[in-house]
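Numbered from 1 within each chain, the chains take letters A, B, ... in sequence-line order. Computed from a predicted structure; not experimentally measured.
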2 protein chains.
Amino acid sequence: MSNNQFKKGELYSFITGKASTAIARRLQKNFKQSNVDITIEQWSVLYHLWKEDGLSQQQLCDATFRDKPSITRLVDNLERLKLVRRVASKDDRRINMIYLTTAAQQLQEQTMNIANQTLNEALDGVTNGQIEIAKEVLQNVYDNLK
Amino acid sequence: MSNNQFKKGELYSFITGKASTAIARRLQKNFKQSNVDITIEQWSVLYHLWKEDGLSQQQLCDATFRDKPSITRLVDNLERLKLVRRVASKDDRRINMIYLTTAAQQLQEQTMNIANQTLNEALDGVTNGQIEIAKEVLQNVYDNLK
DNA sequence: TTTGATTAGTTGCTTAAACAACTATATGTC
DNA sequence: GACATATAGTTGTTTAAGCAACTAATCAAA
């Protein structure tokens with residue numbers, strides 16, 4: 001058990017995810033400065049639809065690591081903003097396919113640029129080698145717990 | 001600018017903080033299994049009070065990286081649970097000093113053990129060297145954005 | 001010593017997360 | 001075909017985050 005000696009003083013920062021909170025806040029701020037009026041949670045749903053449009057709500061749950069009620073309400077809000085629409089599947093009437101509107105399609109380039117720029121702000125002074133290792137660790141943590 | 005070539009496909013996992021979400025969920029679950037009936041956010045406030053009792057709400061804001069309304073309401077809830085009490089400072093009547101109750105003092109050992117165990121679950125298979133680098137990266141990100 | 005700015009904390013409002021309970025549809029089995 | 005079970009999605013409730021607007025106390029400066 002290689003982690004038994006994990007030092008207690010270091011515990012808090014790992015658990016609380018201050019870094020990801022900071023990234024989320026900065027991204028939200030950068031959206032706002034560019035007059036992009038969506039939340040980062042809404043953006044995270046759009047992000048997966050830009051990669052593949054017409055996902056079901058369950059697929060969005062898996063992709064965004066959220067539970068079903070969270071996705072129901074995010075889709076509710078995105079629908080109110082006219083950024084997506086629910087389309088009942090003909091094969092399986094339990095399923096809603098979620099499709100981007102043209103308004104949402106037009107957000108892709110701008111918001112991806114903002115997200116990339118935000119990430120550059122966040123990772124300033126970090127080497128690509130360090131990033132690789134950090135990514136491996138975070139992926140490993142995720143796989144251990146998901 | 002060493003991060004310009006940051007690959008877009010990798011962006012999402014970094015931004016969304018799925019790993020810290022996973023840790024938070026697991027910690028909450030582990031609390032529940034041990035019949036510890038507090039939220040991880042409440043725990044994060046207690047954590048800093050265990051290190052130094054009698055912090056002001058502003059000091060708790062700084063320590064936990066939360067804004068003032070968030071701390072107001074977390075302290076509200078902790079007070080309702082009889083885990084802390086607000087004591088008006090005599091030096092400066094704007095300030096509330098937050099003190100642990102004996103009930104909260106008694107939660108320290110058990111919950112710290114659960115947190116350490118949760119972190120061991122999370123970091124299973126990750127080497128100490130990798131952890132060090134991941135911590136450096138997360139600290140660097142935090143410093144860049146805070 | 002009054003005025004202006006700063007600091008500490010609270011309240012209102014909207015969005016979201018977590019969990020349980022629920023409806024509706026589909027599937028598998030006898 | 002009928003019944004049990006699983007899957008997709010919704011609703012209700014509590015807790016929390018983020019932001020703006022607010023009150024109260026302190027400090028600074030003329």
Study note, to complete from the structure: One should read off an interatomic distance between A:Thr118 OG1 and B:Phe14 CZ, to the nearest 0.5 angstrom, of 14.0 Å
Practice item. Verify, without hydrogens or angle tests, whether B:Gln42 (side chain) and B:Thr39 (backbone) share a donor-acceptor contact under 3.5 angstrom. Key: yes
**Study point:** Beyond-backbone contact of A:Arg86 with A:Gln57, side-chain heavy atoms, under 4.5 angstrom
**Key:** yes
**Study point:** side-chain hydrogen bond (donor to acceptor under 3.5 Å, both in side chains) partners for B:Ser20, two or more places apart
**Key:** A:Ser20
Exercise for review: Say whether B:Val45 and B:Leu107 are linked into one hydrophobic cluster, either directly or through other cluster members, by side-chain heavy-atom distances under 4.5 angstrom.
Suggested key: yes
Check your understanding: Atom CG of A:Leu60 and atom P of C:dA17: how far apart are they, to the nearest Å?
Key -> 13 Å
Exercise for review: Would you mind reading off the distance between A:Leu78 atom CG and C:dT15 atom P, rounded to a whole angstrom?
Suggested key: 11 Å
Check your understanding: For the pair made of CD1 in B:Ile40 and C1' in D:dT14, what is the distance, rounded to whole Å?
Key -> 15 Å
Check your understanding: Counting only side-chain N and O atoms of B:Gln57, is one of them less than 4.0 Å from OP1 or OP2 of C:dT10?
Key -> yes
Point to revise | Check against side chain to side chain donor-acceptor pair (under 3.5 Å), B:Glu121 and B:Asn30 | key: CA-CA 11 Å; B:Glu121 295 173 34; B:Asn30 288 347; 3.2 Å; yes
Review point. Just checking A:Asn96: base, sugar-phosphate only, or nothing, at a heavy-atom cut-off of under 4.0 Å?
Key: sugar-phosphate
Practice item. Select base, sugar-phosphate, or nothing to describe what B:Arg86 touches, counting heavy atoms under 4.0 Å on all strands. Key: sugar-phosphate
Point to revise | Base-contact (B) and sugar-phosphate-only (S) positions in nucleotides 18-28 of chain D, heavy-atom cut-off under 4.0 Å, - elsewhere | key: BBB----BS--
Check your understanding: So what does B:Asn77 hit on the nucleic acid, given a heavy-atom distance under 4.0 Å: a base, only sugar-phosphate, or nothing?
Key -> sugar-phosphate
Exercise for review: Measure up the A:Tyr12 and B:Tyr47 rings against each other and bin them: parallel (under 30°), tilted (30 to 60°), perpendicular (over 60°).
Suggested key: parallel
Review point. Could you give the CD1-to-P distance, from B:Ile71 to D:dT15, as a whole number of Å?
Key: 16 Å
Exercise for review: Rounding to 10 degrees, work out the angle separating the end axes of the helix from C:dT1-D:dA30 to C:dC30-D:dG1 (five pairs an end).
Suggested key: 20°
Review point. Between B:Trp43 and B:Leu55, is there a shared hydrophobic cluster once you connect ILVMFWY residues whose side-chain heavy atoms come closer than 4.5 Å?
Key: yes
Exercise for review: Would you please test B:Arg85 and B:Glu79 for salt bridge (Lys or Arg N to Asp or Glu O under 4.0 Å) and show each step?
Suggested key: CA-CA 6 Å; B:Arg85 47 184 216 287; B:Glu79 222 174 15; over 6 Å; no
**Study point:** Length of the line joining B:Leu74:CG and C:dG9:P, which is rounded to integer Å
**Key:** 14 Å
Exercise for review: Could you check how far CD1 of B:Ile95 sits from C1' of C:dT6, rounded to whole Å?
Suggested key: 13 Å
Point to revise | Atom-pair distance (CD on A:Glu79; C1' on D:dT10), nearest Å | key: 13 Å
Check your understanding: At under 4.0 Å between heavy atoms, what does A:Thr39 touch on the DNA or RNA strands: base, sugar-phosphate, or nothing?
Key -> sugar-phosphate
Point to revise | Rounded interatomic separation in angstrom, taking CG from B:Leu27 and P from C:dA17 | key: 19 Å
